[in-house]
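Report on the following structure.
Whatever order the structure lists them in is the order used to number ligands and atoms, beginning at 1. This structure is a prediction, so every number in the text was calculated from the model and none was measured.
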Amino acid sequence: MYDLVITNGLCVTASDVAPLDIAIQGEKIALLASSGSLSNQGKRVIDADGGYVMPGGIDCHVHLQEPSLFGKGTSADDYESGTRSAIAGGNTTIVTFAPVQKDTGSTPLGVVRETRALTDGQCYCDFSFHVLLATASPQALQEFPKLREEGISSVKIYMTYEALKLNDGDILSVLLAARKNKILTLVHAENGEVLEWLTNQLEAAELFAPKYHSHSRPPILEAEATNRAIALSALIANTPILLVHVSDIGATARIRDAQTQGQPIFAETCPQYLFLTRDDLDKPGFEGAKCVCSPPPRDKTDQAAIWAGLQNGTFAILSSDHCPFRYDDAIAGKKTCITESHPLGQFKYIPNGLPGVETRMPLALSAEKLTLTKLVQVTSTNAAKLYGLYPRKGALIPGVSDADLTIWYPGKLEDLTIRNAMLHHNTDYTPYEGQRVGNWPRYTIIRGRVVWDRDNGGVVGRKGYGRFIRRDAAVDVWEEVREFDLEML
Ligand code: URP
Ligand code: ZN
Ligand code: ZN
């Protein structure tokens with residue numbers, strides 16, 4: 001007898017869709033067999049009833065308990081509420097950030113240890129961290145080999161935000177060190193100087209409302225920075241980079257072009273660029289602040305380009321960029337930017353970011369714009385490959401892969417509408433309030449344990465069950481990358 005059998009489901013992986021039973025022994029996938037053949041071979045049997053059964057969702061862009069970027073404001077979710085929300089949305093692993101700040105003496109290894117301490121006994125799902133690098137100091141870069149020993153294989157850098165921004169020389173130094181250590185560099189591409197200039201212009205014209213967040217960061221500013229990041233990667237002999245939260249058609253075209261030329265440029269997009277537009281920032285009063293994130297949501301034409309980019313492989317990854325701040329909160333949330341002189345706040349002080357870890361998978365499946373295999377690729381398998389979790393995560397390989405699964409309802413749920421009240425984050429709103437979806441994760445299973453059972457108790461997993469997962473170098477990314485030499489230039 002196997003510990004757990006999932007019978008009668010339609011099994012979907014990154015490459016195949018087939019009616020298969022899945023047997024789980026301990027924490028691992030043990031066997032895939034023809035549908036119905038294992039239905040009496042489990043100590044526990046879950047009848048998937050014809051619903052899709054997939055590798056568990058991997059959301060590799062989640063912000064929890066980070067120090068504020070905007071002076072005021074504190075992330076609404078900690079590791080407990082963030083991972084609780086993650087499992088209720090079909091995620092089995094998340095990757096969050098361990099932030100190295102400028103001029104504070106913090107170091108990559110130090111912040112990894114500090115962030116691990118925050119997770120102690122708190123997490124419902126498995127997790128890892130990207131190191132968020134706000135410095136290219138030699139001290140920070142010389143810790144890269146040790147990061148790899150600690151199981152960290154990615155760093156994120158910013159081309160904007162005074163507190164985090166790296167200049168072009170710094171970026172080159174990071175790329176060089178990352179290349180030597182097979183660390184993938186994630187890039188937040190927005191031109192910080194142009195953004196600052198535009199913000200000053202808008203403020204001088206007394207344009208402070210939330211919608212001007214969008215005017216302060218027009219698409220060209222993202223496309224320019226994207227182009228520059230790609231050029232810097234090319235300069236260091238095609239060092240692989242991954243552009244995060246890409247929002248607009250111009251940046252998408254530039255990325256596609258570089259990929260067509262054979263450059264190792266990878267990209268991620270997020271649901272806010274598929275389901276929201278700049279009009280959502282122009283709601284009455286201060287409401288638009290709910291959708292303030294960076295880059296901001298764009299137009300319908302951009303949305304169409306982003307969907308096409310997911311379909312044609314320009315974007316390897318769809319993650320949430322979950323970065324929640326409470327809306328009706330003047331102490332730690334969006335309303336910290338409201339003062340007597342600015343009753344609608346000042347857009348430049350609105351904490352940037354949206355909640356989304358729980359809604360990512362249901363929104364993506366319900367849109368019915370991606371084939372089922374593509375859906376698994378962009379919500380799970382590609383993240384596992386690029387972030388060095390594969391094939392332990394993101395796959396269903398017997399004897400090798402962890403038994404991490406998301407099981408959906410059969411057919412469509414006709415009357416399911418997203419309401420904040422049904423979500424498990426610690427935020428007082430969702431930007432997707434009122435959005436109809438056709439399905440929701442019915443079960444989430446992590447390393448063989450059911451942690452989310454929507455019809456029988458909801459969150460049934462145990463806080464603290466989630467484990468830190470050591471990550472390796474990205475799969476299929478570094479093979480062609482040779483040692484960099486100045487003679488190459
Ligand atoms: O607005 C956003 N995206 N907030 C999160 C921080 C980041 O840059 O990803
Ligand atoms: Zn970012
Ligand atoms: Zn982010």
Sole residue of N91, I94, D59, T92 in side-chain contact (heavy atoms from CB on, under 4.5 Å) with C125
I94

Could you tell me whether K156 approaches ligand 1 through its side chain, its backbone, both or neither, with non-hydrogen atoms closer than 4.0 Å?
side chain

So the protein N/O/S atoms within less than 2.8 Å of the Zn ion (ligand 2) come down to K156 NZ, H188 ND1, H245 NE2

Is it the side chain, the backbone, both or neither of D321 that has a heavy atom closer than 4.0 Å to ligand 1?
side chain

side-chain contact (heavy atoms from CB on, under 4.5 Å) partners of D328, counting only residues at least two apart:
K335, D428

Is a side-chain donor-acceptor pair under 3.5 Å present for S128 with R471?
yes

Nearest heavy atom to atom 1 (O) of ligand 1 wins, so pick from S294, S247, P296.
S294

Opening angle at the Zn ion (ligand 3) [NE2, H61; NE2, H63; to 10 degrees]
110°

For H245, the ligand 1 atoms whose distance to one of its heavy atoms is below 4.0 Å
7 (C), 8 (O), 9 (O)

Does K180 make a cation-pi contact with F144 (under 6.0 Å, within 45 degrees of the axis)?
no

Under 4.0 Å, heavy atoms only, figure out whether ligand 1 is touched by the backbone of C293, its side chain, both or neither.
both

Full working for side-chain contact (heavy atoms from CB on, under 4.5 Å) between T115 and Q65
CA-CA 9 Å; T115 310; Q65 272 174 277; over 6 Å; no

Test applied, salt bridge (charged side-chain N to carboxylate O under 4.0 Å, His left out); reference residue, R392; option that passes from D402, D126, D404, D472:
D402

Under 4.0 Å from any heavy atom of Y158, which atoms of ligand 1 are there?
6 (C), 7 (C), 8 (O), 9 (O)

Using modelled atom types and a 3.5 Å cut-off, is there a donor and acceptor pairing between side-chain atoms of N352 and backbone atoms of I350?
yes

Check this for me: does any side-chain nitrogen of one of E224 and R228 sit under 4.0 Å from a carboxylate oxygen of the other?
yes

Is there an N/O/S atom in C323 at a distance below 2.8 Å from the Zn ion (ligand 3)?
no

A student checking ligand 1 against H61 at a 4.0 Å heavy-atom cut-off should list atoms 9 (O)

If we ignore hydrogens and angles and just use 3.5 Å, is the side chain of R360 paired with the main-chain N or O of L318 as donor and acceptor?
yes

Compute the centroid of each ring, for H215 and then for F347, and state whether the two points are separated by less than 6.0 Å.
no

Using a 4.0 Å cutoff against the non-hydrogen atoms of C323, which atoms of ligand 1 qualify?
4 (N), 5 (C)

Start with the C-alpha gap between Y349 and H342, add the side-chain angles, then the distance that decides, and say whether ring-ring contact (aromatic ring centres under 6.0 Å, His included) holds.
CA-CA 11 Å; Y349 294 128; H342 295 93; 8.6 Å; no

